Protein chains: 2
Amino acid sequence: MMRSAKAKESLSDKAYRELKAKILDNELHAGQQMIEAEVSQLLNMSRTPTREAMLKIANEGLIELKPRHGMRVKPISVMDMQEIYEILTGLESTAAALCATKGLTAEQLDLMRQSVVDMDKALNRDDLIEWAQADERFHRYLVEFSNNDRLQILVANFIEQSHRARMLTLKIRPKPTNSNKDHSDVVKAIEERNSEQARAIHHKHREQSGQMMINLLKDYGLNHI
Amino acid sequence: MMRSAKAKESLSDKAYRELKAKILDNELHAGQQMIEAEVSQLLNMSRTPTREAMLKIANEGLIELKPRHGMRVKPISVMDMQEIYEILTGLESTAAALCATKGLTAEQLDLMRQSVVDMDKALNRDDLIEWAQADERFHRYLVEFSNNDRLQILVANFIEQSHRARMLTLKIRPKPTNSNKDHSDVVKAIEERNSEQARAIHHKHREQSGQMMINLLKDYGLNHI
DNA sequence: AATCCATTTAATTTATACATTAATGAATTT
DNA sequence: AAATTCATTAATGTATAAATTAAATGGATT
């Protein structure tokens with residue numbers, strides 16, 4: 001007997017998924033406020049699953065719940081970005097070190113190398129969207145292969161928190177040319193099982209790209225993303 | 001006009017606080033299952049605030065919600081501890097580096113040094129409880145002074161996840177004699193604004209104490225804490 | 001016009017009712 | 001006896017009603 005691919009998702013899960021998607025897609029813009037009744041109308045369901053979704057997303061940091069004013073999509077400030085990148089830098093560097101310590105399979109190393117190749121190609125074609133996707137894939141592999149589920153969930157959360165800012169600055173940031181060198185150096189360090197080296201290189205990389213992003217936000221006065 | 005010290009907490013907040021306390025205090029033991037109705041009876045309130053508390057605590061990782069079986073206090077396995085300590089090591093080392101980079105005030109440095117002194121004293125009196133409290137205080141300061149609210153919340157969450165295991169192994173672990181040297185070295189590195197050094201020392205410290213803890217769990221066959 | 005206070009209103013918080021679905025187990029068939 | 005079916009039960013998921021709380025309003029008074 002074949003069981004259907006996935007258990008039917010509950011309204012709560014649907015509310016969570018849809019509301020979060022609307023926020024990440026900037027369909028609900030930063031600073032926007034909605035009371036529970038409005039959100040549940042938007043999602044076309046009662047207040048209970050809506051409320052559960054709002055509580056979860058608030059805990060994750062994308063919205064805040066203000067008494068009497070419902071939810072508010074949290075604008076990302078320069079200071080927020082600073083905090084988020086400090087943490088992302090720490091977590092991903094940990095992941096890089098773990099990959100080196102635990103060791104990756106040949107297939108896993110290949111996948112990472114392929115991501116770097118894809119980034120190179122996209123960059124030569126001036127396709128920033130494509131580049132960002134390959135870059136994201138590299139970072140996802142790094143964390144996935146570190147073999148720590150909690151770490152994976154954590155990083156995903158902080159990536160989400162900075163998603164809107166990253167999408168926005170993608171258009172105005174300088175070409176990420178030396179980014180690729182960093183990435184292949186990390187892969188090499190992992191392959192050589194040199195965890196300190198892997199950690200250090202990735203740390204420097206994330207620190208630099210984070211600082212670049214923060215400077216962009218500052219320079220362009222983008223304080224309500 | 002003086003307003004009361006804190007806004008009256010909602011039943012949801014009370015449910016969250018009390019339920020979590022019962023879990024951390026081991027009043028609800030690992031593996032224990034309770035359905036929503038039982039939990040709400042225990043907390044003496046309706047299912048709604050109870051349910052919200054359960055959802056939040058489940059998101060934090062202390063319990064899991066199994067369809068039709070209510071909540072279950074998650075036992076901590078050796079693998080869980082491994083994951084948790086890998087993350088804690090990464091996050092706290094990041095905090096140490098941030099403290100050094102940003103620089104601490106004389107008062108903050110004093111507080112950290114005092115914690116080390118208290119650990120020393122407690123250790124000389126063979127008071128492990130007292131030592132653990134001072135140790136916890138040191139770690140809390142480290143994160144607090146790194147001036148990153150999100151980081152603080154994160155670390156607190158992972159400390160909580162490992163709380164029951166730490167309490168249990170406190171009685172059987174070897175005396176933490178060289179722990180104090182590590183701590184004062186970290187403070188010194190921070191004072192000298194040497195972030196790489198601060199990070200490295202604390203990293204080694206956490207890695208060692210984590211490994212010690214994991215070995216204890218393994219040796220004693222403690223797999224359902 | 002400004003301030004104070006009472007009233008109304010709006011939103012949330014909590015409780016409860018209702019709907020849905022998985023688990024259980026007894027009855028029936030093989 | 002084992003397996004299968006089907007009704008029953010129990011628990012959750014969802015909707016809504018009731019209670020609470022905080023904000024806003026507006027009229028009276030200064």
Side-chain angles (χ1 to χ4, degrees), chain A residues 1-23 28-74, chain B residues 1-23 28-74:
Chain A
M1 174 84 70
M2 181 80 118
R3 83 166 34 200
S4 74
K6 47 156 71 179
K8 193 164 122 296
E9 85 177 333
S10 69
L11 281 186
S12 263
D13 295 341
K14 188 163 177 278
Y16 169 75
R17 188 173 47 71
E18 291 186 354
L19 184 54
K20 191 156 104 173
K22 281 180 200 298
I23 294 163
L28 300 179
H29 63 264
Q32 188 165 352
Q33 292 186 197
M34 295 179 87
I35 63 174
E36 279 188 14
E38 288 171 329
V39 180
S40 55
Q41 272 197 311
L42 178 69
L43 299 175
N44 199 32
M45 58 184 73
S46 84
R47 280 181 47 220
T48 305
T50 302
R51 183 177 164 85
E52 288 183 0
M54 284 169 53
L55 286 168
K56 187 167 179 188
I57 296 173
N59 283 334
E60 289 176 358
L62 285 175
I63 67 175
E64 56 188 5
L65 300 178
K66 293 187 62 170
R68 304 273 133 194
H69 297 96
M71 54 160 271
R72 173 164 174 272
V73 179
K74 262 209 249 174
Chain B
M1 172 84 73
M2 182 78 118
R3 80 167 37 199
S4 76
K6 49 156 72 182
K8 194 163 124 294
E9 84 177 334
S10 68
L11 280 184
S12 262
D13 294 341
K14 185 162 180 276
Y16 169 75
R17 188 173 47 73
E18 291 187 354
L19 184 54
K20 191 155 101 176
K22 281 179 199 298
I23 294 163
L28 300 179
H29 63 264
Q32 187 165 350
Q33 293 185 197
M34 294 179 89
I35 63 174
E36 280 188 12
E38 287 171 331
V39 180
S40 54
Q41 273 197 309
L42 178 70
L43 300 175
N44 199 32
M45 57 184 74
S46 83
R47 275 179 54 216
T48 304
T50 303
R51 186 177 160 86
E52 288 183 0
M54 283 169 55
L55 286 169
K56 187 168 178 186
I57 296 173
N59 284 332
E60 290 176 358
L62 285 174
I63 66 175
E64 58 190 3
L65 301 177
K66 293 185 62 169
R68 308 270 134 197
H69 297 95
M71 56 159 273
R72 175 166 173 271
V73 180
K74 263 209 252 175

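Here is the naming used below: chain letters follow the sequence lines, and residue numbers restart at 1 for every chain. None of the values given here were measured: they were computed from a predicted structure.
One atom, CD1 of B/I35, and another, C1' of D/dG13, lie 14 Å apart when rounded to the nearest Å. For the pair B/L55 CG and D/dT12 P, the interatomic distance rounds to 11 Å; values are reported in whole Å. Taking atom CE of residue B/M45 and atom C1' of nucleotide D/dA19, one finds them 16 Å apart after rounding to whole Å. Rounded to an integer number of Å, the gap from B/E52 CD to D/dT14 P is 14 Å. Atoms CD (A/Q41) and P (D/dT16) sit 13 Å apart, rounded to a whole Å. Summarising the geometry, the separation between CD on A/E9 and P on C/dT20 is reported as 18 Å, rounded to the nearest angstrom. In this structure, B/R72 atom CZ and D/dA11 atom P are separated by 18 Å, rounded to whole Å. Rounded to whole Å, atom P of D/dA17 lies 18 Å from atom CZ of A/R51.
Under a 4.0 Å N-O distance rule, the pair B/R72/B/E64 qualifies as a salt bridge. Between B/E36 and B/R47, at least one side-chain N (NZ, or NE/NH1/NH2) sits under 4.0 Å from a carboxylate O, which counts as a salt bridge.
The nucleotide whose nearest atom lies closest to any side-chain atom of A/L11 is, among C/dT12, C/dA15, D/dT14, D/dT14. Out of C/dT14, D/dT16, D/dA11, the shortest distance to the side chain of B/R68 is found at D/dA11. Out of D/dA15, C/dA10, C/dA17, the shortest distance to the side chain of B/R47 is found at C/dA17. Distance from the side chain of A/S10 is smallest to D/dG13 among D/dG13, D/dA15, D/dA10.
Open room surrounds CD on B/Q41; 12 or fewer heavy atoms of other groups in view lie less than 6.0 Å from it.
Checking side-chain atoms of A/E18 against main-chain N and O of A/A15 turns up no donor-acceptor pair under 3.5 Å.
Summary of the strand contacts: A/N44 and B/M71 both lie near DNA chain D, and taking for each the nucleotide with the nearest heavy atom, the more 5' one is attributed to B/M71.
Shown here for A/K20 and A/I57, the closest heavy-atom pair between the two residues is N-CD1, 3.7 Å. Nearest heavy-atom pair, A/L19 versus A/M54, reported as atom, atom and distance to 0.1 Å: CD2-CG, 3.8 Å.
Atom CG of A/N59 and atom CG of B/L55 lie 10.0 Å apart (nearest 0.5 Å).
Annotation: proximity of residues 12-23 of chain B to DNA chain C (heavy atom, distance under 4.0 Å) is found for B/S12, numbered in ascending order.
OP1 or OP2 of C/dT14 has not a single side-chain nitrogen or oxygen of B/T48 nearer than 4.0 Å.
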